[in-house]
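Order of listing sets the numbers, starting from 1, for every ligand and every atom in it. For clarity, every value in this text was computed on a predicted model and none was experimentally measured. In this chain, numbering begins with 1 at the start of the sequence shown.
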Amino acid sequence: MLERAKQAGIDKIFLPAIDSSTHTSLLQMETDFPWCKAMMGVHPCSIKKNYQEELAIAQQYWEERNFVAVGEIGLDFYWDRTFEKEQLEAFRIQIEWALAKNVPIVIHSRQSTLACVQVLKEYKSSALRGVFHCFSGSMEEAHEIIKLGFYLGIGGVITYKNAGLGSVIKNIDLAHLVLETDAPYLTPVPHRGKRNESSYIPLIAEKIAEVKGVMLEEIAQITTQNAENLFR
Ligand SMILES: [Zn+2]
């Protein structure tokens, strides 16, 4: 899979952290393949009864070394709102880590994009930067994110006919976009339904080129530059 990614022109892969059940394999992958860069954090879906324990584990890693970003962090109101208050608390705590380390945050938001925006507005005067990963929201949500100076992560959803993401992205300047897969999920057409992988990134770039009526090379160049700027 990594060989295929290389052949597709991918030279860096950013790996999100989920929780302590996957941190070890995440870090092993980075050790085995140094062009894969690990993030560290606690995913909002892993904010449960033991969330303080999970935060302490991730914080310990941050004390030992640096990571490319704090992520995935954020709010998920789709699966379960039982720990909404704790999700908000964990989000703010992890934003503080990013500020202390001067790294970006990678935000997971599901049925919670404007709630995430609301939290981020509290940090408007800070140097906080980041990306809303796998953005699939409305024009209004896109504008709120751009106003914060955050990037929109665009994945396979843009290739789904009924998602309507194309008509939103059509009107968004390329300066605000980065490409991503969310592998193994959200596989782009024509592989939809199968496992997603990094070598499919060009399919997403091609779709954005088509939607915006620009050359593929321009999409590749600008989104790569944006990613370099975000994860600098
Ligand atoms: Zn996510």
(request) Decide, counting backbone as well as side-chain atoms, whether Glu72 has an N, O or S atom less than 2.8 Å from the Zn ion (ligand 1). (result) yes

(request) Taking both backbone and side-chain atoms into account, decide whether Cys134 has an N/O/S atom under 2.8 Å from the Zn ion (ligand 1). (result) no

(message) Nearest 0.5 angstrom please: Ser198 OG to Ile10 CD1, how far?
(response) 6.5 Å

(request) Please confirm whether Arg110 makes a cation-pi placement over Phe77, using NZ or CZ under 6.0 Å from the six-membered ring centre and within 45° of the ring normal. (result) no

(message) Within the structure provided, determine whether Cys116 and Phe91 are in side-chain contact (heavy-atom separation under 4.5 Å).
(response) yes

(message) Need the atom name: nearest N/O/S atom of His108 to the Zn ion (ligand 1).
(response) ND1

(request) Check each of His133, His108, His23 against His43 using the ring-ring contact (aromatic ring centres under 6.0 Å, His included) test, and report the only one that passes. (result) His108

